[in-house]
Amino acid sequence: MTENEQIVTPFQVSSDSSINYDKLVNDFGCSRIDQTLLAKFTEITGHKPHPFLRQGIFFSHRDFGILLDHHAKGKPFYIYTGRGPSSQDLHLGHLVPMLFTAWLQKVFQVPVVIQITDDEKFLFKQLQLSEIHKMARKNIADILSCGFDISKTFVFCNTKYVQHMYENVLEIQKRITVNHCNGTFGFDGSSNIGQISFPAMQIAPCFATSFAQIFDLTQTKPKDVMCLIPCAIDQDPYFRLTREIAPRMKFRKPVLLHSRFLPSLAGVGTKMSASDPLHAIFVTDSAKKVRKKINKSFSGGQQLLEDHRRLGGNPDVDVSFHLLKIFLDDDGKLQEIRRKFASGHMSCGEIKALANMTIASMLQTFNASKPSDIQIQKVQEIRAMLFK
Ligand code: TRP
């Protein structure tokens, strides 16, 4: 790789240094979420932007302003996100889009559809379908703990729901050449044929007619329904492709809100990953384990306390500060922590203790909202959901 080269696709995220998000926005042709857009959000919804927006965790978008205008006119939309079940337990990085989607649902009071791509993980990983189904079930329980309104949420596994989307899947497949697909996702002649056709499955839920038995499409024309997708930036290639073919299929282009990757505990330029469990915090980690992991996380402070008092620390590379930025919903306190840590008045131990407290309390709320078996079943039932 030459200098600054980075690869970001749904199947590979690598960079010779930290991910350069400005470059991604340029390369992908998306737009930065700026203060003007956030002010418009507040004006239209009456809500203060979520900390993930205020802190730039969700940092990029496609057409979010258009969606806000659409909503202001009283027109219908739904939210679509998803999860590939490749690990038993979710980690904090997996929670970010889910917590954010549940918050968006509260703000806009709209239906949410959540795709579980069990087919994707089978095609791309060395896993058996039976293992994947088990993980999917656990993942669905964890996702519901993020605070979704079950009456307005539909969770579906691709292997079970495919028949309802299949006509749209066909319409999509017919409009994407193998060359275009390979170029977009980095597939080649050695990819299996399931992999090459999989993108159509992740694209189909962008179109309201994939939920013909769920949304009332007798009153509203499908092409007047918009779709909002909160996702990590690596999923953008699917939706860039969707936006190319949507007009030809007479649908609106989906609207995107993109998040950065949550850094691992090893440093702010990295990505939290289930395959590096020592540097990831899982929802099932005990309070003691979380404390241990955070205590060992990368610090932006000086090694010796006396040096730290004298020279101060660098909050921008400090993992604990980063966790506070994401999960402490208090801008005033955050400013104070930044100031104190940078000037050496707050020690590394103190900032780690604060991060630990914040994460522990979030996980406590999370664990207290575990869904019942009935709720897990209910959320997967095909049933009518109103746009409003
Ligand atoms: N491919 C995603 C993953 O591996 C799962 C997914 C499916 C998704 N549909 C989505 C993510 C829509 C975001 C938005 O996790």
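Counting convention: from 1, in listed order, for ligands and their atoms alike. In what follows, every heavy atom counts, from backbone to side chain, and hydrogens, waters and symmetry copies are set aside.
For Q202, a nitrogen or oxygen atom sits less than 3.5 Å from a nitrogen or oxygen atom of ligand 1, counting backbone and side chain alike. Here's the thing with Q235: one of its N/O atoms is less than 3.5 angstrom from an N/O atom of ligand 1. Looking at T117 next to ligand 1, no N or O pair under 3.5 Å apart turns up. Looking at ligand 1, you'll find an N or O of Y80 within less than 3.5 Å of one of its N or O atoms.
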N/O donor to acceptor pairs below 3.5 angstrom from side-chain atoms of residues 145-155, sequence neighbours left out:
unit_1 : atom_1 : unit_2 : atom_2 : d
S145   : OG     : A141   : O      : 3.1
D149   : OD1    : S151   : N      : 3.0
D149   : OD1    : S151   : OG     : 2.8
K152   : NZ     : L386   : O      : 3.2
T153   : OG1    : Q105   : NE2    : 3.0
T153   : OG1    : D149   : O      : 2.7

Atom pairs and distances, donor-acceptor, side-chain atoms in residues 121-137, under 3.5 Å, two or more places apart:
unit_1 : atom_1 : unit_2 : atom_2 : d
E131   : OE2    : Q128   : N      : 2.8
R137   : NH2    : D373   : OD1    : 3.4

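Of all atoms in ligand 1, listed by their number and element, those nearer than 4.0 Å to a heavy atom of G84 are 3 (C), 4 (O), 5 (C), 15 (O). Listed by number with element, the atoms of ligand 1 under 4.0 angstrom from any heavy atom of T81 are 10 (C), 12 (C), 13 (C), 14 (C). Those atoms of ligand 1 with a heavy atom of C231 less than 4.0 angstrom away are 13 (C), 14 (C). Interface of K121 with ligand 1, defined as ligand atoms under 4.0 Å from a residue heavy atom, comprises 4 (O). Ligand 1 places these atoms under 4.0 Å from at least one heavy atom of I229: 14 (C). For ligand 1 and E120, the ligand atoms under 4.0 Å from any heavy atom of the residue are 1 (N), 2 (C), 3 (C), 4 (O).
If you look at F11 next to ligand 1, there are no close heavy atoms at all, none under 4.0 Å.
With respect to the salt-bridge test (charged N to carboxylate O, under 4.0 angstrom), the residues D69 and K40 qualify. Under 4.0 Å is where a charged nitrogen must lie from a carboxylate oxygen, and between E171 and R175 at least one such pair does.
For atom 11 (C) of ligand 1, the closest heavy atom belonging to the protein is G82 O, 3.4 Å. In terms of protein heavy-atom proximity, atom 7 (C) of ligand 1 is nearest to Q115 OE1, 3.2 Å.
For F100 and H50, the gap between ring centers is short of 6.0 Å. The aromatic ring centroids of H258 and Y21 lie 6.0 Å or more from each other.
A cation-pi arrangement, defined by a distance under 6.0 Å to the six-membered ring centre and an angle within 45 degrees of its axis, is present between R240 and F28. Relative to the ring axis of F261, K271 places its NZ or CZ within 45° and under 6.0 Å from the centre.
Looking at Q6 and N20, their side chains never bring a donor and an acceptor atom within 3.5 Å of each other.
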